Structure formats: structure tokens, C-alpha cells
J.: 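To start, I am sharing the structure in question, which I have written as C-alpha cells.
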Amino acid sequence: MNKEYKDRLLLIFTKNPVAGRVKTRLAKDLGDDRALRIYKFLLDHSVEFTSGVNAEKIVYYSDSVKEKDIWSSDIYQKRKQLGEDLGQRMFNAFQDGFKEGYQKIIIIGSDMYDIETSDIELAFSELEKHEYVIGPALDGGYYLFGMKSLNSNVFVNKDWGTSSVRKDTLNDLKGEDVKLLETKNDVDLLDDIKDHPAFQKFIKI
């Protein structure tokens, strides 16, 4: 563990980039190949904005760990997600982090474009002052979640991938010290990117 930021851990959940298995809702409009290209574009961006974050960083792969890929082993630890559903996999990752001595842990996915290093740094700063931090996504979920001690309730009884996730999570945290960050748009549907300049090269082919 790096002593410089021994108490801060960034968990990055990613899917192995395989056509037909990533961005499946986008693929309905754009096809599997273009959906895969978009996902790889988002992965590259994720490396760009997370590599400089002042925290230890662990990439959790959905299927299998890749030793040589865009996630440099000099910057990121690499592990496989474990659990039957997303909630269980996130719980296990947080649990391991707290067991290893980290005191402020944040999790993000790898399919956000409108996010920068400063957003993650801000989230860690807010976690200094609050028990929980949530980055709300426009679709009703969240793009970031952080906490200072393990709370298993936030990972159970959720319809993951639906618009009820954030509301149900906030219900679990009623009465707790929660800081909400700026709402941002994640990339799941064609509507999310059809007017975004960065994605036109994938859409207008």
C-alpha cells in the first residue's frame, strides 16, 4: 500500500470488452461492433481520468483479469469481481478494501465520459467531511458511490440497472450523513450520446 494515500481507495468496475457483451442497449441501435468501439473509447477515457487520482486504485474485471492491457499494472491493482449480482460484487470489493485498512473507499464504473480527475478528487474530499458520497446519474442510478465504513444494506434488494437504484439507496441511508455530487449522464442508450460531439465518429458512419 502506498503510504502517500494509504487511506484512500478507488475501485473501478469494468467489463471485459467483448462484442455482444458490453453496451447491449446501445448495440440495439448501433450494432455490436460499434457498441464495442464506444465501450473501448470509454475505457480509454477511464484510464485517462483515473490514472492521476491520488488514491490506491484497483480495477475489478467482470470475467477475467488481463495482465497486459490498457490498465497499467504499475498504477492499478487487478482483481476479478466475485458475487452473483452487481450488489454482491460491489459489497465484496468494499469489504476487501476495508479489511485491507483503507478508510475512504469510492467505486465507479468504466462507462462515463463526462467525468474528470477533479470529480474523483472532489468526491474523496467530500468523504473527509461526510460518511457517504453519491454521484447521481441522470437515469436514476449513480456513477459514483463512496463510504467510510461498510454498510451492507446499500448492496441488497436493488433492481440493478434500473431507474430505482439511487432512490432505493438513499432510502437505505435515510438519516445518514450523505453528500450528493453533481448529476451526470452515463452512457447506456443512443439518446445519451446522439448529440454529444465526442461520439459522432461512432454514430455517423
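One-based numbering along the sequence shown. Remember, it's a predicted structure, so these values are computed and weren't measured experimentally.
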J.: Any sub-3.5 Å donor-acceptor pair from Lys78's side-chain atoms to Glu67's backbone N or O?
T.: yes
J.: I'd like to know if the side chain of Gln81 and the backbone of Tyr60 have a donor-acceptor N/O pair within less than 3.5 Å.
T.: yes
J.: Is any side-chain heavy atom of Leu173 closer than 4.5 Å to one of Ile134?
T.: yes
J.: For Lys148, is the NZ atom crowded, meaning more than 12 foreign heavy atoms sit under 6.0 Å from it?
T.: yes
J.: Going by an N to O cut-off under 4.0 Å, is there a salt bridge joining Lys194 and Asp29?
T.: no
J.: Report yes if the side chains of Asp119 and Leu181 come closer than 4.5 Å at any heavy-atom pair, otherwise no.
T.: no
J.: Looking at Lys66, I'd like to know if its NZ atom is crowded, meaning that more than 12 non-hydrogen atoms belonging to other residues, nucleotides or ligands lie closer than 6.0 Å.
T.: no
J.: Taking CZ in Arg21 as the centre, count heavy atoms belonging to other residues, nucleotides or ligands within less than 6.0 Å. Is the count above 12?
T.: no
J.: Starting from Tyr39, can I reach Phe13 by hopping between I/L/V/M/F/W/Y residues whose side chains sit under 4.5 Å apart?
T.: no
J.: Are more than 12 heavy atoms, taken from residues, nucleotides or ligands other than Asn16, located less than 6.0 Å from that residue's CG atom?
T.: yes
J.: Can you confirm whether the side chains of His196 and Asp114 place a donor and an acceptor under 3.5 Å from each other?
T.: yes
J.: Within the distance-only criterion (no hydrogens, no angle test), does the side chain of Tyr76 pair as donor or acceptor with the backbone N or O of Ser51 below 3.5 angstrom?
T.: yes
J.: Is any side-chain heavy atom of Ile115 closer than 4.5 Å to a side-chain heavy atom of Ile120?
T.: yes
J.: Closer than 3.5 angstrom, by distance alone: can the side chain of Asp186 be matched with the main-chain N or O of Ala137 as a donor-acceptor pair?
T.: no
J.: For the residue pair Ser110 and Thr14, confirm or rule out a side-chain donor-acceptor distance under 3.5 Å.
T.: yes
J.: Hey, which of Glu121, Gln103, Glu56, Glu128 is the one that makes side chain to side chain donor-acceptor pair (under 3.5 Å) with Arg8?
T.: Glu121
J.: Just so I know, are the side chains of Leu42 and Tyr113 near enough to count as touching, which here means a heavy-atom distance under 4.5 Å?
T.: yes
J.: Let me see the working for Leu180 and Leu170 under side chain to side chain contact (heavy atoms under 4.5 Å, CB included), right down to the final yes or no.
T.: CA-CA 10 Å; Leu180 289 177; Leu170 287 172; 4.3 Å; yes
J.: Does Lys80 have more than 12 heavy atoms from other residues, nucleotides or ligands lying within 6.0 Å of its NZ?
T.: yes
J.: Taking only Lys NZ, Arg NE, NH1 and NH2, and the carboxylate oxygens of Asp or Glu, determine whether Arg25 and Asp188 approach each other closer than 4.0 Å.
T.: yes
